[in-house]
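So that the names make sense, note that chain A is the first sequence line, chain B the second, and so on, each numbered from 1.
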2 protein chains.
Amino acid sequence: METRRIDPVNCSVARALSVVGERWSLLIVREALDGARRFGEFHSRLGIARNLLATRLETLVTAGVMRRVPYQEPGDRQRFAYELTEQGRALRPTLVALLEWGDTYLADPQGPSVIVRHRPVDDAISCDEPVKVILECAAGHSRLAPEDVCRTPGPGARFVESS
Amino acid sequence: METRRIDPVNCSVARALSVVGERWSLLIVREALDGARRFGEFHSRLGIARNLLATRLETLVTAGVMRRVPYQEPGDRQRFAYELTEQGRALRPTLVALLEWGDTYLADPQGPSVIVRHRPVDDAISCDEPVKVILECAAGHSRLAPEDVCRTPGPGARFVESS
DNA sequence: CTTTATGAGTTTAGTTCTTCAACTCAGGTC
DNA sequence: GACCTGAGTTGAAGAACTAAACTCATAAAG
């Protein structure tokens with residue numbers, strides 16, 4: 001029996017992973033979300049090899065996740081820092097989801113080392129409560145279980161035959 | 001000036017990525033969420049090398065993400081299939097987050113190839129609306145922007161000095 | 001009872017990716 | 001001019017990935 005399935009290769013998950021799925025990429029984004037900006041900061045925080053950090057940063061800049069910006073400390077020459085673009089900051093939910101999953105199933109016996117809290121940059125509504133990632137549908141059904149969702153073809157779907 | 005920061009190495013994101021951060025791992029989980037169960041299904045859907053698929057499945061089983069279950073087709077000998085554990089299904093939000101990010105920033109010109117919908121397995125409340133991943137705090141503030149959250153130390157936090 | 005078919009791997013050889021350490025480069029300080 | 005620093009680059013060794021051929025157990029066909 002032949003069935004048609006959504007082509008697994010033409011998928012945004014695969015495309016997303018081709019940008020941030022390499023080793024270190026998401027950790028670099030995480031450190032950037034936590035304030036790292038300079039080559040040496042990423043290097044010492046993560047312990048990543050320097051050449052690899054250089055190529056990862058270049059990849060992330062090329063992909064539009066980060067931006068290379070000049071800076072100059074007083075009494076020093078101009079150097080370059082790396083900051084997230086809006087596209088890069090949009091990876092926050094992905095990282096929170098991974099963090100939650102790790103906390104739940106690969107927990108440190110001491111408990112989580114990091115808690116994400118609701119604390120805006122401008123401190124306007126600083127409720128400080130822990131933040132979770134949840135699935136919500138357009139009809140407003142919230143906190144959906146993983147079993148309550150399924151994948152359906154979208155407008156850009158390609159199909160493959162399978163036995 | 002010395003400051004104390006949360007040790008970036010002792011973090012659930014890093015631990016999560018050590019399990020599902022290798023190339024192919026998340027795509028294998030995605031296919032499993034979409035119903036793939038057998039070695040050959042994963043192989044033909046993803047085009048991953050067979051030896052690598054074998055080691056990935058073994059890694060995922062060892063990590064508790066998948067489970068190796070015997071099955072037997074009529075008139076065939078016993079073989080093994082792979083299915084997600086609860087721990088594995090819990091990666092759904094991570095994959096939805098990645099999918100959304102890919103749809104938003106690396107879109108196919110035709111539009112998304114996959115839409116995740118609210119459709120329970122048991123069809124009880126099948127509203128069928130598209131599903132999104134959102135950040136929500138314990139006080140009920142919903143749809144938080146990436147800028148409105150920050151990382152704080154948890155009970156298991158280790159610290160490192162930095163200049 | 002020998003041959004062929006099939007799904008699920010394993011082996012092997014070649015290529016690519018990571019790591020680590022040493023080196024370069026462009027200023028600034030002494 | 002000699003030395004220091006942050007930001008990379010280079011190169012060699014090791015680990016990971018790819019692709020294709022091979023094995024293995026069983027079932028069905030002849």
message = Strictly distance-based, threshold 3.5 Å: is any side-chain N or O of B:Trp101 a donor or acceptor partner for the main-chain N or O of A:Ser12?
response = no

inquiry  = Looking at B:Leu33, is its backbone amide N or carbonyl O close enough to the side chain of A:Arg151 to form a donor-acceptor pair, meaning the two atoms are under 3.5 Å apart?
reply    = no

Do any N or O atoms of the protein come closer than 3.5 Å to N or O atoms of nucleotides 27-30 of chain D, and which pairs are they?
{"unit_1": "D:dA27", "atom_1": "O3'", "unit_2": "B:Gly75", "atom_2": "O", "d": "3.2"}
{"unit_1": "D:dA28", "atom_1": "OP1", "unit_2": "B:Gly75", "atom_2": "O", "d": "3.4"}

List the atom pairs, with distances to 0.1 Å, where a side-chain N or O of residues 106-115 of chain B and a protein N or O form a donor-acceptor pair under 3.5 Å, not counting sequence neighbours.
{"unit_1": "B:Asp108", "atom_1": "OD1", "unit_2": "B:Gln110", "atom_2": "N", "d": "2.8"}
{"unit_1": "B:Asp108", "atom_1": "OD2", "unit_2": "A:Asn10", "atom_2": "ND2", "d": "3.2"}
{"unit_1": "B:Asp108", "atom_1": "OD2", "unit_2": "A:Arg158", "atom_2": "NH2", "d": "2.9"}
{"unit_1": "B:Ser113", "atom_1": "OG", "unit_2": "A:Asn10", "atom_2": "O", "d": "2.7"}

message = Using modelled atom types and a 3.5 Å cut-off, is there a donor and acceptor pairing between side-chain atoms of A:Gln72 and backbone atoms of A:Asp76?
response = yes

Please write out each protein N/O paired with an N/O of nucleotides 9-16 of chain D under 3.5 Å, distance rounded to 0.1 Å.
{"unit_1": "D:dG11", "atom_1": "O6", "unit_2": "A:Asn51", "atom_2": "ND2", "d": "2.8"}

A:Arg68 side chain to A:Leu57 backbone, donor-acceptor under 3.5 Å = no

d(CZ, B:Phe80; P, D:dA25) in whole Å = 14 Å

request  = Please collect all side-chain hydrogen bond (donor to acceptor under 3.5 Å, both in side chains) contacts where either partner lies in residues 41-58 of chain A, sequence neighbours excluded, each pair once.
outcome  = A:Glu31-A:Arg45

request  = Indicate whether OP1 or OP2 belonging to D:dG8 is found under 4.0 Å from a side-chain N or O atom of A:Tyr82.
outcome  = yes

Whole-Å gap separating P (D:dC17) and CD1 (B:Ile48) = 9 Å

Report all side-chain donor-acceptor pairs from residues 88-99 of chain A shorter than 3.5 Å, counting only partners two or more places apart or in another chain.
{"unit_1": "A:Arg89", "atom_1": "NE", "unit_2": "B:Glu147", "atom_2": "OE2", "d": "2.8"}
{"unit_1": "A:Arg89", "atom_1": "NH1", "unit_2": "A:Leu84", "atom_2": "O", "d": "3.3"}
{"unit_1": "A:Arg92", "atom_1": "NH2", "unit_2": "B:Val149", "atom_2": "O", "d": "3.4"}

message = Could you check whether A:Glu73 pairs with A:Arg79 (Lys NZ or Arg NE/NH1/NH2 to Asp/Glu carboxylate O, under 4.0 Å)?
response = no

query = chain A on DNA chain C: first and last contacting nucleotide, 5' to 3', under 4.0 Å to a heavy atom?
reply = C:dT18 to C:dT29

ask   = Would you say the side chains of B:Arg38 and B:Tyr71 form a donor-acceptor pair under 3.5 Å?
value = yes

ask   = Whole Å only: how far is the CG atom of A:Leu57 from the C1' atom of D:dA7?
value = 11 Å

query = Is a salt bridge present between A:Arg67 and A:Glu83, judged by a nitrogen-to-oxygen distance below 4.0 Å?
reply = yes

